[in-house]
There are 2 protein chains.
Amino acid sequence: MQPDAAQRPTLADVAARAGVSQSTASLAFSGSGPVSAATKERVLAAASDLGYAGPDPRARSLRRGRSGIVGVVLEERVRAAFLDPVKIQMLDGISEGIAPLGAGLLLLTDTGEAGENAVSIESAPVDAVVLVGCSPRLGVTIEALRRRGIPAVAIEGDTGEDIPEISIDNLQATRRGAEYLRQLGHTDVAIVTLPFDAARTRGPLTRELLESSTAATASQRLAGAREIFPEATGRAAGASSIEEGLEAARALLADPENRPTAIIAQSDLLAAGVIQAAEELGMQVPADLSVLGFDGIRVDGLQHDLTTLAQPSVAKGRAAGEAVVQMLSGEPPASRCFTSTLHVGDTTAVPRTAG
Amino acid sequence: MQPDAAQRPTLADVAARAGVSQSTASLAFSGSGPVSAATKERVLAAASDLGYAGPDPRARSLRRGRSGIVGVVLEERVRAAFLDPVKIQMLDGISEGIAPLGAGLLLLTDTGEAGENAVSIESAPVDAVVLVGCSPRLGVTIEALRRRGIPAVAIEGDTGEDIPEISIDNLQATRRGAEYLRQLGHTDVAIVTLPFDAARTRGPLTRELLESSTAATASQRLAGAREIFPEATGRAAGASSIEEGLEAARALLADPENRPTAIIAQSDLLAAGVIQAAEELGMQVPADLSVLGFDGIRVDGLQHDLTTLAQPSVAKGRAAGEAVVQMLSGEPPASRCFTSTLHVGDTTAVPRTAG
DNA sequence: AGTCTAGGCCGAATCGATTCGATCGGCGAT
DNA sequence: ATCGCCGATCGAATCGATTCGGCCTAGACT
């Protein structure tokens, strides 16, 4: 084993030294039971002598059946989530929402890869989890949680199950944004979407791709756009990032003869990439190309005030955290749907009349 | 208990149904032992029938002595850490560094408040922890970890113990920045520091405050500045935030007759606050006041290109994660010290010659 | 053909604490 | 004075899995 095989003292050792039974010693620590002040002090003194650091959380949680940990399932590498301001805001909100529990936040990813020693969703000592983001693997994850009997709440995920969902008006919001573009006079609009499937397939919006979609957010936002522009096509990005937006937009704008006058991006980061691509090609935003984002974050380094659909990310996280608290206290949790607002910045304008 | 008292199946149930012993069933799951393919399949089938979701992580970690979780101790509320870009970058690096473990990342705070059910540093099922940031409570925390026998690595914390430390050249870097200010011609320089003590005392840099300092980072950076400007004084902020920088700078610039020509802020966020305060007072940066930051992050909304000491935050986190991996595999971990570089932006200039 | 070997499986101890039910004085009430 | 009750404490079962040592049997080697 470990080189420092010097056995750490256990509650039994402490009890023995204090001359009380193990059960009494336990009571002295947890405080959940009648113990005389004198005895308690004696136990604490013995613990101090022995360098006992308090009950082992592993044993405690085995016995109690609760670990005091809430899992947060991110759909991607932790690193990627940290780079996404929306995720950070949600995490922030979640941490605020579960504060009354005093529980820790365990970051997990939904990649499906489970190493030998790895802590995955299938095997993490959590009392509840919050599913963050529209992960394509949602179904599998939920099934695993159900089997383990772990309560869950989803943020932006069409679970189709009995787990509460915290969402926003993806379809209506996008429709509102699209409508704004139409009012400005746009008719030729392209879309850069979030990933649709588990493989995060990048490329044109083929019918197969859409039909195989497991990502509700991307589908809903697309549907909202198509209620206004039924013919609109575009490309799916491999993630919500500036880089992916750049790549998708390069493809959409490749042919100078045949460019849309506006691009609807399903996230602000994608929108930032789109703008970058347009400027690379010598186009001006919004004169030559209007760009609509989604999220309402500030994109670092972006010189524009993005026209976008601002969603209350922190509030979503907080609501999810509160739902967790409710579930753990036995109350039936409620789903909630928040509303996004259209922020008009300087990346949208009347289209330049085509020649 | 829980309303869903329908007992979840245990390994024993699975074993019984498969007609094998519990030990064999365990082997079938963990794969660490000789089990015939047929038996293994039978066990797995039984598990599937019963809806068994795999070994309970709580029991497993009690027996194995490892939880597969690495704790990250933040010196403040999780929320605050999420708002600090430096922290996020470090988290990012840590997650990258511990990737080979496949371990989860548990976010913990070092506030010392331990509620009834709360998971604190004293009682979290972690295999190791990374102490992030220069928490004034470091000593107490480390003592608790030592008693529990949990290996730790500190980022920016003078532990004075045998735990490895990942740091940067705080003193030398600040001296370099201060030297640059002196070369520009500044002689009257004030300093806005990070908190020195557990109470995060805000206010003038009194001798008592400095002597009671438990925060190495603040002390080192101050020492570096004073090697160039021995007489420099200033104020301690209550945290690394724009708000705190604003408040400290308001005090330092309160008297129009007696203003420094430059302010050294111990973080970029503080520097942003300083700039804001100066502009509030009608001063121009850098014409009326030079401002030097520390960190090298991009501060959202800041219109300046801050002159600052850029530190490799991600690399620090990654190094810490790697050190954790080493410690858990028994190797003696090594401390590392990274180097910061002076980035000259547009917030520093030759001082306006005093009347 | 006899013995040795090793794979495959089982029993039981163990990890460290929590908690239910029982025991035992001592004290207030009748 | 006695009954009953309550607070303090103890014993022992329990949480759910891992793992060490031992046993059995079939195949291999001489």
Side-chain angles (χ1 to χ4, degrees), chain A residues 1-2 5 7-43 46-47 50 52-68 116-117 122-125 127 147-149, chain B residues 1-2 5 7-43 46-47 50 52-68 116-117 122-125 127 147-149:
Chain A
M1 301 293 168
Q2 293 287 46
Q7 290 292 345
R8 223 149 273 293
T10 73
L11 190 57
D13 300 328
V14 173
R17 187 173 224 275
V20 301
S21 77
Q22 212 184 118
S23 34
T24 303
S26 174
L27 274 310
F29 273 100
S30 69
S32 54
V35 180
S36 72
T39 307
K40 182 167 182 175
E41 199 172 332
R42 201 144 37 87
V43 172
L50 263 38
Y52 179 69
D56 184 317
R58 292 179 283 254
R60 177 204 288 264
S61 73
L62 169 59
R63 186 62 240 248
R64 294 236 248 231
R66 280 203 181 180
S67 63
E116 171 58 25
N117 201 19
E122 282 79 28
S123 70
D127 295 338
R147 287 160 75 101
R148 293 186 56 201
Chain B
M1 301 296 167
Q2 293 287 47
Q7 289 293 345
R8 225 148 270 294
T10 73
L11 189 58
D13 300 327
V14 173
R17 188 172 223 278
V20 299
S21 77
Q22 211 184 119
S23 35
T24 303
S26 174
L27 275 307
F29 272 100
S30 69
S32 54
V35 180
S36 73
T39 307
K40 181 166 181 174
E41 199 171 333
R42 201 144 38 86
V43 172
L50 263 38
Y52 180 69
D56 183 319
R58 292 178 282 254
R60 178 204 288 265
S61 73
L62 170 59
R63 187 63 243 250
R64 293 236 248 233
R66 278 204 184 180
S67 63
E116 172 57 24
N117 202 18
E122 282 79 28
S123 70
D127 295 338
R147 287 160 75 104
R148 293 187 56 201

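Numbers restart at 1 for each chain; the letters A, B, ... are given by sequence-line order, proteins then strands. In what follows, every heavy atom counts, from backbone to side chain, and hydrogens, waters and symmetry copies are set aside.
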So if I take residues 18-26 of chain A and measure heavy-atom distances to DNA chain C, which residues fall below 4.0 Å?
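Here the set is A:Gln22, A:Ser23, A:Ser26.
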Over all heavy atoms of both residues, which pair between [X] and [Y] is shortest? Give the atoms and the distance, please.
X	Y	result
A:Ala25	A:Leu11	CB-CD1, 3.8 Å
B:Pro55	B:Phe29	CD-CD2, 4.1 Å
B:Arg42	B:Ala18	NH1-O, 2.5 Å
A:Asp127	A:Ser67	OD1-N, 2.8 Å

For the side chain of B:Pro55, starting at C-beta, report the closest nucleotide among D:dA17, D:dA13, D:dG7.
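Shortest atom-to-atom distance from the side chain points to D:dA17.
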Does any donor-acceptor pair link the side chain of B:Arg60 with the base of D:dT18 at a separation under 3.5 Å?
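Under the 3.5 Å cut-off, the side chain and the base do not form any donor-acceptor pair.
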Considering only heavy atoms and no angle criterion, is a donor-acceptor pair shorter than 3.5 Å present between the side chain of A:Arg63 and the base of D:dT14?
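Indeed there is one.
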Could you grab the distance from atom CG of A:Leu62 to atom CZ of B:Arg63, nearest 0.5 Å is fine?
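One gets 12.0 Å once the value is rounded to the nearest 0.5 Å.
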When rounded to the nearest 0.5 angstrom, what is the spacing between CG in A:Leu50 and CZ in B:Arg147?
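Answer for the CG-CZ pair, A:Leu50 versus B:Arg147, is 10.0 Å.
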Please report the distance, rounded to the nearest Å, between [atom1] in [X] and [atom2] in [N].
X	N	atom1	atom2	result
B:Arg148	C:dG16	CZ	C1'	13 Å
B:Arg8	D:dA17	CZ	C1'	17 Å
B:Arg64	C:dG16	CZ	P	16 Å
B:Asp56	C:dC15	CG	P	19 Å

Estimate the overall bend of the helix from C:dA1-D:dT30 to C:dT30-D:dA1 from the end axes over five pairs each, rounded to 10 degrees.
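Answer for the end axes of this duplex: 30°.
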What residues from residues 36-43 of chain B pass a heavy-atom cutoff of under 4.0 Å to DNA chain D?
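Correct list: empty, so none.
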Take A:Leu11 and B:Leu27, find for each the nucleotide of DNA chain C with the closest heavy atom, and name the residue whose nucleotide sits nearer the 5' end.
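Nearest-nucleotide comparison on DNA chain C picks B:Leu27.
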Hey, is the main chain of A:Ala53 close enough, under 3.5 Å, to the side chain of A:Arg8 for a donor-acceptor pair?
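It does not hold such a pair.
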Under 3.5 Å: donor-acceptor pair, side chain of A:Arg58, backbone of B:Pro125
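Answer holds: no.
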So which one's nearest nucleotide on DNA chain D is more toward 5', B:Ser32 or B:Arg58?
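Nearest nucleotide further toward 5': that of B:Arg58.
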Can you list every salt bridge (charged side-chain N to carboxylate O under 4.0 Å, His left out) pair that touches residues 12-22 of chain A, not counting sequence neighbours?
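Of all non-adjacent pairs touching residues 12-22 of chain A, those that pass salt bridge (charged side-chain N to carboxylate O under 4.0 Å, His left out) are A:Arg17-A:Asp49.
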Would you please name every residue forming a side chain to side chain donor-acceptor pair (under 3.5 Å) with A:Thr39, sequence neighbours left out?
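A:Thr39 satisfies side chain to side chain donor-acceptor pair (under 3.5 Å) with A:Ser36 once adjacent residues are dropped.
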Sequence neighbours excluded, which residues qualify as side chain to side chain donor-acceptor pair (under 3.5 Å) partners of A:Ser23?
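Partners of A:Ser23 by the side chain to side chain donor-acceptor pair (under 3.5 Å) criterion, ordered by chain and then number, come out as A:Ser21.
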Hey, is the side chain of B:Tyr52 poking within less than 4.0 Å of OP1 or OP2 on D:dG16, counting only N and O atoms?
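No, because none of the side-chain N or O atoms of B:Tyr52 sits under 4.0 Å from OP1 or OP2 of D:dG16.
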